[in-house]
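Below is one structure, written out as structure tokens, with a few remarks after it.
Indexing begins at 1, ligand by ligand and atom by atom, following the structure's order. This one's a predicted model, so the numbers in the text were calculated from it and none came from an experiment.
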Amino acid sequence: VHPIRKAVIPAAGLGTRLLPWTKTVPKELLPILDRPAIHYVVEEAVEAGVEEVILVSAPGKDAVAAYFDPAPELERTLRRRGRTAEADELRRLSTLCEIHVVRQHEPLGLGHAVARARRLVGEEPFAVLLPDVLVDAQPGALAQLVRQWQGDPLLAVHPVDPEEVGRYGVIRPDPDHDGRILDLVEKPAPGCAPSHLALTGRYLLDADVFDALAETEPGAGGEIQLTDAIRLLLAAGRTVRWATFDGVPYDLGHVAGFLAANAALAARRGLVAPVLLGAAVAR
Ligand code: G1P
């Protein structure tokens, strides 16, 4: 199969669930321990073999892409002061991969955001990583997905509790074909979820999804949903597969998820005694 060299990272959301934090700071730049959330996601993509990231940005969120810019002045100053490790780290950050920015001018949904990347993705298969989800995993979730890829669209899923299922896209696995998806539903109503397997926010897709997105009508929340475009692929007869991964996903779209992610990483690095963190770490 063709290598996955490109990744689309939608970072155009308004972050309304994280106000007032996100009034002036894009949610992708909120810190998980010592670095902004977006840093982990780009590293995850690079670890999986991605060479080119297409960041979907929005007005007021230029600082997200700027985070990956070279900072020659700062680097020189650090080197002059003998702070080589920090200078090297800054250099590494700006050479991780190529970053391209496309813009979504109106918040019309995740599917609409991904469609903005069509021209830069071209005809090759590509990954989508939602930066709202930090997956604590080794190797990273995307690398695990790439390893399982057979060429068909492949979606990472994780099990969720029944009371949480309505927050996600949820798959109906094919009982007759291992690893295939029969259908999927974005944000199912209570009692209507086809399984307890939720889309994690890591996808391997190909250019067909752009044709599907062009036909996708607004769905859940009145937004153009990526989930609905993938449904159209299924309706057109494409095989779409699901895979699980070893690791823990943290939903950074709300404050509790941020705290849990910070707590888990801090405990692993020995920064705080795990006993202080209680339920957050157990999650
Ligand atoms: C998005 C996707 C959903 C997926 C979720 C993962 O929803 O639409 O299918 O399960 O990310 O976090 P959002 O969180 O943007 O509402």
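In terms of polar-atom proximity, Ala198 is not counted as a contact of ligand 1, lacking any N or O under 3.5 Å from an N or O of the ligand. When only interatomic distances are considered, the shortest N/O to N/O separation between Glu186 and ligand 1 falls below 3.5 Å.
Scanning the protein heavy atoms around atom 1 (C) of ligand 1, the nearest turns out to be Leu130 CD1, 3.8 Å. With hydrogens left out, the protein atom closest to atom 5 (C) of ligand 1 is Leu199 O, 4.0 Å, a heavy atom. Protein heavy atom in closest approach to atom 12 (O) of ligand 1: Val133 CG2, 3.4 Å.
Nearest residue to atom 7 (O) of ligand 1 from Lys187, Arg167, Arg17 is Lys187 (criterion: closest heavy atom).
Proximity of Thr227 to ligand 1, defined as any heavy-atom pair under 4.0 Å, is confined to the side chain (atoms from C-beta onward). For Leu226, no heavy-atom contact with ligand 1 is shorter than 4.0 Å.
Aromatic ring centres of Tyr40 and Tyr250 lie farther apart than the 6.0 Å criterion allows. For His158 and Tyr168, the gap between ring centers is short of 6.0 Å.
Val240 pairs with exactly one of Val209, Ile171, Leu155 by the side chain to side chain contact (heavy atoms under 4.5 Å, CB included) rule, that one being Leu155.
Side-chain polar atoms of His112 and Glu223 form no donor-acceptor pair below 3.5 angstrom.
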